[in-house]
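One structure is given here, and the rest of the page talks about it.
The figures that follow rest on heavy atoms only: side chains count, while hydrogens, waters and symmetry mates do not. Counting starts at 1 for both ligands and their atoms, in listed order.
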Amino acid sequence: MKKIKKAVVPVAGMGTRFLPFTKAVPKEMLPIIATPTIQIIVEELVDSGIEEILFITNRYKHPIEDHFDYSFELEAKLEANGKDDQYEEIRRIADQANFYYKRQKETKGLGHAILQGKEFVGDDPFVVVLGDDIVYNPDQPAIGQLIERFYELEKDVVGCKKVPMTEINKYGSIEADQIDDRTYDIKYCIEKPSIEDAPSDVAILGRYVFTPKIFDHIEKTKPGVGGEIQITDSIDSLAKSDGVYGYIYEGKRYDVGSKLGFLEATVEYALRDEEVGKEFAEYLKKIK
Ligand code: G1P
């Protein structure tokens with residue numbers, strides 16, 4: 001089995017849930033303490049063996065390109081001031097992978113965004129990671145768990161988690177035969193079903209390992225929920241021809257695309273932080 005080295009990362013969403021912040025700054029740049037969420041996503045990819053990362057962007061996403069580029073003025077200043085650690089860190093961010101950018105010229109949905117990666121991917125298996133979910137797992141990154149399962153099963157794998165039934169209407173939901181503790185053989189999946197119609201409480205959550213076959217299915221997918229080409233509909237089509245597995249990855253997931261999820265991530269990452277964690281914990285005790 002070919003090693004997975006490529007990732008497609010859609011970042012072309014408008015981020016309307018975080019207006020007015022997102023008027024001039026991409027939502028992917030929202031910081032968890034001092035690290036943009038997109039950097040946390042990129043580090044998950046790199047820690048899972050990914051070397052080539054294609055961002056699917058739009059005209060408002062330049063800060064993401066700048067973030068993963070060298071920054072000569074800043075670097076010269078840090079060097080001159082003897083701030084070696086910060087200099088190294090700034091360089092590391094740009095050097096940790098090869099970054100590519102392609103614009104999604106029209107907003108036609110997540111499936112359409114992923115399709116923009118077809119030429120980049122070529123004949124190789126690849127991963128897709130969405131920036132709205134960050135997953136904390138210091139032992140093994142979520143996408144690394146899925147890649148490992150892909151090598152074992154030799155079939156496309158999508159990352160899943162159980163969610164409260166009252167929230168399933170926000171996600172893709174699967175109907176599947178459970179084949180072990182964490183693995184499901186998907187029979188059918190549907191994007192944002194009503195709570196009554198949802199096939200289960202198992203949601204597809206932001207992490208995918210695909211073979212290039214998925215592109216044939218995306219190309220055949222008609223606009224679905226919200227008039228958009230939904231990747232969940234393409235996965236449903238793939239499930240019915242070649243098969244797809246769902247895998248419940250381990251790790252604490254934060255929905256940083258929602259205000260509450262973003263606040264939860266901020267507080268919990270701050271509590272774990274070497275520099276501010278202790279003091280912050282004391283502060284929280286004081287204001288309770
Ligand atoms: C997207 C996907 C959906 C998935 C969700 C969370 O929806 O279309 O299937 O469950 O992300 O990863 P969005 O939140 O962009 O509307």
What atoms of ligand 1 come closer than 4.0 angstrom to any heavy atom of [X]?
X	result
Tyr171	6 (C), 10 (O)
Asp133	6 (C), 12 (O)
Leu110	2 (C), 8 (O)
Leu205	6 (C), 12 (O)

Give the residue and atom name of whichever protein heavy atom lies nearest to [atom], and the separation in Å to one decimal.
atom	value
atom 12 (O) of ligand 1	Gly206 N, 3.0 Å
atom 13 (P) of ligand 1	Lys192 NZ, 3.6 Å
atom 2 (C) of ligand 1	Glu191 OE2, 3.6 Å

- [ ] Return the set of residues passing ring pair (Phe, Tyr, Trp, His ring centres under 6.0 Å) with Phe120 (not counting sequence neighbours), or none when no residue passes.
- [x]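 Tyr100.
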Open item on the list: Heavy atoms only: which of Thr232, Ile204, Leu130, Val225 lies closest to atom 10 (O) of ligand 1?
Closed with: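 The nearest heavy atom belongs to Ile204.
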Open item on the list: Counting C-beta onward and ignoring hydrogens, is there a side-chain heavy-atom pair between Ile204 and Ile174 closer than 4.5 Å?
Closed with: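 Counting from C-beta outward, Ile204 and Ile174 do come under 4.5 Å.
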Open item on the list: Do Val163 and Leu205 have side chains that approach each other closer than 4.5 Å (heavy atoms only, starting at C-beta)?
Closed with: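 With C-beta onward as the side chain, the pair touches.
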Task: Option among Tyr249, Tyr254, Tyr269 that satisfies the ring pair (Phe, Tyr, Trp, His ring centres under 6.0 Å) test with Tyr136 - done: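 Result: among Tyr249, Tyr254, Tyr269, Tyr269 is the only option passing the ring pair (Phe, Tyr, Trp, His ring centres under 6.0 Å) with Tyr136.
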Task: Check: Asp132 N/O within less than 3.5 Å of ligand 1 N/O - done: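 It does not: no N or O of Asp132 is found under 3.5 Å from an N or O of ligand 1.
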Task: Salt-bridge criterion met for Arg149 and Asp180 (N-O under 4.0 Å) - done: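 Between Asp180 and Arg149 there is a salt bridge, with a charged N closer than 4.0 Å to a carboxylate O.
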Task: Mode of Lys170 contact toward ligand 1 - side chain, backbone, both, neither (heavy atoms, under 4.0 Å) - done: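 None of Lys170 does.
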- [ ] Tell me whether the centres of the aromatic rings in Tyr247 and Phe150 are closer together than 6.0 Å.
- [x]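 Not under 6.0 Å, so no.
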- [ ] Please work out whether the ring planes of Phe210 and Tyr208 are parallel, tilted or perpendicular, with thresholds of 30° and 60°.
- [x]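 Rings of Phe210 and Tyr208: parallel, as their planes differ by under 30°.
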Task: Tyr87: hydrophobic cluster co-members (side-chain, 4.5 Å) - done: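 Other cluster members: Leu74, Leu78, Ile90.
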Open item on the list: Can you check atom 8 (O) of ligand 1: any protein non-hydrogen atom closer than 4.0 Å?
Closed with: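 Looking at atom 8 (O) of ligand 1, one finds that a protein heavy atom does lie closer than 4.0 Å.
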